[in-house]
There are 2 protein chains.
Amino acid sequence: MKNYSKQREVILNVLQGTNTHPTVSWIYSQARKTLPNISLGTVYRNLTELKKSGQIIEVSVEDGFQHFDGNTDTHLHFYCTKCHNIYDCACPENQLKNYLEENLGCNITEQKLIFNGVCKNCSVNI
Amino acid sequence: MKNYSKQREVILNVLQGTNTHPTVSWIYSQARKTLPNISLGTVYRNLTELKKSGQIIEVSVEDGFQHFDGNTDTHLHFYCTKCHNIYDCACPENQLKNYLEENLGCNITEQKLIFNGVCKNCSVNI
DNA sequence: ATAAAAACAGTAATCATTACTATTTTGCGA
DNA sequence: TCGCAAAATAGTAATGATTACTGTTTTTAT
């Protein structure tokens with residue numbers, strides 16, 4: 001990722017302009033509003049590059065799609081297994097990271113906590 | 001999942017007999033040692049059923065494969081982004097679950113914590 | 001024993017992701 | 001400013017994990 005490109009800037013803006021955790025195809029559709037000819041391969045390549053350079057993170061949930069997040073601060077995620085939304089939550093403590101680094105002797109570079117369950121909306125709308 | 005089947009039993013045994021977090025194709029290859037004619041579709045179907053009935057859990061990491069775990073106790077996972085192994089860790093506390101349920105008003109049914117980083121072995125073998 | 005329901009093996013289809021190619025854009029040094 | 005090598009792009013083809021389908025076999029209950 002040495003050279004500037006308009007496409008990469010648009011993709012990053014899309015991610016930074018939402019607090020959702022979108023899939024590639026959603027990012028693609030949003031980017032096309034600004035750049036109608038942008039290629040899907042370009043979206044994939046730039047997401048990989050942006051992740052590699054630490055400007056975005058990837059969120060893995062069990063729906064078979066890649067999800068990305070423009071918020072790189074350490075935070076928690078809640079995944080609703082009913083509506084399949086991913087919610088952000090502030091991280092109340094960082095004790096776990098320290099605990100694991102000491103006990104496993106590992107170096108933790110990213111912290112991704114996923115809680116699965118049923119969210120407030122979904123538990124109301126049975 | 002109303003009827004017994006030998007195939008389902010073998011698949012569950014495979015998962016309960018390892019402390020790794022195998023992919024479908026690994027489970028398939030292990031199951032074939034006992035049942036040489038078992039079908040890949042049968043493995044997928046039973047993994048879905050076993051997960052639905054709470055006998056196994058799915059672990060999502062960003063490698064594009066489904067991973068499963070025969071240990072359904074609440075515990076943490078560490079994912080090495082170098083060797084791509086997933087490690088189990090005991091959960092030192094359950095405060096986060098309570099915190100989130102109170103603050104989000106949600107009902108958490110599963111707790112999946114993934115730490116990404118580089119594990120002990122991989123940090124030695126540069 | 002028998003019949004309906006469930007599960008199976010085997011194969012084909014789907015579709016998110018990756019790879020490839022020819023063309024265009026970017027950055028840098030002359 | 002010009003030219004060139006590196007990087008990036010659009011568009012298309014290939015890959016491969018997962019799902020769907022079909023005809024047959026197994027299971028369970030009557």
Side-chain angles (χ1 to χ4, degrees), chain A residues 1-15 20-69 79 81 84-86, chain B residues 1-15 20-69 79 81 84-86:
Chain A
M1 194 169 75
K2 297 191 177 165
N3 288 351
Y4 166 87
S5 83
K6 181 67 182 165
Q7 287 85 344
R8 182 173 305 139
E9 184 182 319
V10 168
I11 290 166
L12 185 56
N13 284 344
V14 166
L15 273 171
T20 67
H21 305 76
T23 60
V24 176
S25 82
W26 188 88
I27 297 165
Y28 176 52
S29 70
Q30 292 304 113
R32 285 216 288 186
K33 293 181 178 174
T34 308
L35 302 172
N37 291 326
I38 193 172
S39 165
L40 182 58
T42 297
V43 175
Y44 273 100
R45 181 168 19 78
N46 279 296
L47 288 171
T48 301
E49 291 297 325
L50 288 167
K51 180 184 165 186
K52 211 180 293 178
S53 71
Q55 295 178 82
I56 64 175
I57 61 171
E58 184 173 352
V59 179
S60 301
V61 292
E62 57 212 69
D63 66 353
F65 299 93
Q66 294 182 190
H67 293 263
F68 292 91
D69 190 345
Y79 174 59
T81 52
H84 305 288
N85 278 329
I86 302 171
Chain B
M1 195 171 74
K2 297 192 178 165
N3 290 351
Y4 167 87
S5 83
K6 182 65 183 168
Q7 287 86 343
R8 182 174 302 139
E9 185 182 316
V10 168
I11 290 167
L12 185 55
N13 284 344
V14 166
L15 272 170
T20 67
H21 306 75
T23 61
V24 176
S25 81
W26 188 87
I27 296 165
Y28 176 51
S29 69
Q30 292 304 112
R32 285 218 287 185
K33 293 181 180 174
T34 308
L35 301 172
N37 290 326
I38 193 172
S39 165
L40 182 58
T42 296
V43 175
Y44 273 102
R45 181 168 18 79
N46 279 296
L47 288 170
T48 301
E49 290 298 326
L50 289 167
K51 179 183 165 188
K52 212 179 292 177
S53 70
Q55 295 180 81
I56 64 174
I57 61 171
E58 184 174 350
V59 179
S60 301
V61 293
E62 57 211 71
D63 66 354
F65 299 93
Q66 293 182 190
H67 293 263
F68 292 90
D69 191 343
Y79 174 59
T81 53
H84 305 289
N85 278 329
I86 302 171

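So you know, we letter chains A, B, ... as the sequences are listed, proteins then strands, and number each from 1.
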**Message:** Using OP1 and OP2 only, check whether a side-chain N or O of B:Gln7 sits under 4.0 Å from D:dT26.
**Reply:** no

**Message:** Can you tell me which nucleotide in C:dC8, D:dT18, C:dT18 comes closest to the side chain of B:Asn46?
**Reply:** C:dC8

**Prompt:** Does B:Tyr44 put a side-chain nitrogen or oxygen below 4.0 Å from OP1 or OP2 of D:dT18?
**Reply:** yes

**Request:** Look at the side chain of B:Phe65 and decide which nucleotide, out of D:dA17, C:dT17, C:dC8, has an atom nearest to it.
**Result:** D:dA17

**Message:** Pick the closest DNA chain D nucleotide for B:Lys6 and for B:Ser25 by heavy atoms, then say which residue is nearer the 5' end.
**Reply:** B:Ser25

**From CD1 (A:Ile57) to NE2 (A:His67), nearest 0.5 Å** = 12.5 Å

**Request:** Pick out which of A:Leu50, A:Val59, A:Ile11, A:Ile27 makes a side chain to side chain contact (heavy atoms under 4.5 Å, CB included) with A:Phe68.
**Result:** A:Ile27

**Prompt:** Rounded to whole angstroms, how far apart are CG on B:Leu47 and C1' on D:dT19?
**Reply:** 14 Å

**Atom pair NZ (A:Lys51) and CG (A:Leu15), whose distance is rounded to the nearest 0.5 Å** = 12.5 Å

**Message:** Return the NZ to OG1 distance between B:Lys6 and B:Thr34, rounded to the nearest 0.5 Å.
**Reply:** 7.5 Å

**Message:** Distance alone, cut at 3.5 Å: any donor-acceptor contact between the side chains of A:Asp63 and A:His84?
**Reply:** no

**Item:** Pi-cation contact, A:Tyr4 with A:Arg8 (under 6.0 Å, within 45°)
**Value:** no

**Prompt:** Quick one: is A:Thr23 getting a side-chain N or O under 4.0 Å of the C:dA16 phosphate, OP1 or OP2?
**Reply:** no

**Request:** For B:Tyr4, answer base if it contacts any base atom (sugar-phosphate contacts may also be present), sugar-phosphate if it contacts only those atoms, and nothing otherwise; contact means non-hydrogen atoms under 4.0 Å.
**Result:** sugar-phosphate

**For atom CZ of B:Arg8 and atom P of D:dT26, their distance in whole Å** = 16 Å

**Asked** Checking side chain to side chain donor-acceptor pair (under 3.5 Å) for the pair B:Arg32/B:Ser29: CA distance, chi angles, key distance, verdict?
**Response** CA-CA 5 Å; B:Arg32 285 218 287 185; B:Ser29 69; over 6 Å; no

**Asked** By a strict heavy-atom criterion of less than 4.0 Å, which residues belonging to residues 33-41 of chain B are in contact with DNA chain C?
**Response** B:Asn37, B:Ile38, B:Ser39

**Request:** Using whole Å, report how far CD of B:Glu49 lies from C1' of D:dT18.
**Result:** 16 Å

**Request:** Ignoring backbone atoms, test whether B:Arg45 places a side-chain nitrogen or oxygen under 4.0 Å from the OP1 or OP2 oxygen of C:dA7.
**Result:** no

**Message:** Checking contacts here: which listed nucleotide (C:dA5, C:dA9, D:dA6) is nearest the side-chain heavy atoms of B:Asn3?
**Reply:** C:dA5

**Prompt:** Whole Å only: how far is the CZ atom of B:Arg32 from the P atom of C:dA9?
**Reply:** 11 Å

**Item:** Separation of C:dT18 P from B:Glu62 CD (nearest whole Å)
**Value:** 12 Å

**Asked** Between A:Ile11 (CD1) and D:dA8 (P), how many Å, whole number?
**Response** 12 Å

**Message:** What is the distance, to the nearest angstrom, from the NZ atom on B:Lys51 to the P atom on D:dT19?
**Reply:** 9 Å

**Asked** How close or far is atom C1' of D:dG16 from atom OH of B:Tyr28, stated in whole angstroms?
**Response** 15 Å

